[in-house]
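Please read the structure below before turning to the comments.
Whatever order the structure lists them in is the order used to number ligands and atoms, beginning at 1. Keep in mind that this is a model prediction, so the values were computed, not measured.
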Amino acid sequence: MSNHDHTPHDHVPESALVLFSGGQDSTTCLAWALERYPYVETVGFAYGQRHAVELTCRPPLRQGIGELFPGRLGTDHVLDLGASLAAIGETALTSQAEIRMTAEGLPSTFVPGRNLVFLTYAAALAYRRGLRRIVTGVCETDYSGYPDCRDDTIKAMQLALNLGLDRRFVVETPLMWRDKAATWALAEKLGGNRLVELIVEGSHSCYLGDHTTHHDWGYGCGTCPACALRAAGWKKWKGLA
Ligand code: ZN
């Protein structure tokens with residue numbers, strides 16, 4: 001659904017494409033972009049995730065956030081990457097394997113190079129849509145060891161995309177140096193309690209796809225690595241830890 005009738009060739013200088021998965025981080029990034037830029041589009045990826053709950057969370061959450069920043073939210077795109085990532089990864093996020101830490105010190109949910117793939121697709125889409133800024137919620141501070149979330153990786157990707165596509169994209173990472181507590185604080189700063197509540201009730205982070213068990217910090221199993229991070233960040237932000 002689009003609130004705007006921009007065509008792909010309407011070059012809006014201050015426009016952004018947000019990688020929006022429906023999780024806490026990307027939802028906060030969407031609010032961050034909407035506060036800054038007059039025109040924002042979103043992109044999500046279907047790649048054989050174990051749980052489609054992430055994708056079903058996106059539309060209502062997106063609509064709620066859009067209403068907090070009226071007139072700025074444009075088209076949503078969902079790109080189906082098919083089974084290729086799942087076939088290559090064969091990891092816990094895309095198969096029924098158990099989530100654990102691997103010998104490399106990475107959670108078994110790691111899909112090698114996933115964010116590189118996402119950024120490449122996002123840049124190709126941004127090119128077509130005439131959008132200059134690409135916003136992603138990757139984070140080096142609280143990160144689970146994903147090397148493709150590192151600041152150096154993102155800077156290198158920006159350079160590669162700009163050379164390869166002959167554009168001047170800016171890849172923005174508002175959460176890069178924020179931990180989960182600071183991410184909750186950022187949401188409050190951007191949209192007050194209304195935004196925090198939207199994220200708590202509407203976003204999804206749980207690796208196990210549990211969207212029925214409710215906690216102060218939102219829905220989730222409460223024990224997987226994603227729930228543990230989200231809960232710990234909430235408690236720290238609330239001064240409970
Ligand atoms: Zn969980």
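- Atom CD of E197 sits in a sparse spot, with 12 or fewer heavy atoms from other residues, nucleotides or ligands closer than 6.0 Å.
- At a threshold of 4.5 Å between non-hydrogen side-chain atoms, the residues W32 and V18 do not count as touching.
- Neighbouring protein atoms of the Zn ion (ligand 1) (N, O or S, distance under 2.8 Å, waters ignored): C206 SG, C221 SG, C224 SG, C227 SG.
- In terms of heavy atoms, M176 sits closest to R150 at CE-C, 3.9 Å.
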Exercise for the section: Take R133 and E14, measure what salt bridge (charged side-chain N to carboxylate O under 4.0 Å, His left out) needs, and give me the verdict at the end. Expected result: CA-CA 8 Å; R133 293 167 191 277; E14 289 304 317; 3.0 Å; yes

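- Side chain to side chain, Y37 and E172 meet the donor-acceptor criterion of an N or O pair below 3.5 Å.
- Checked against the 6.0 Å centroid threshold, F169 and Y127 do not count as a close aromatic pair.
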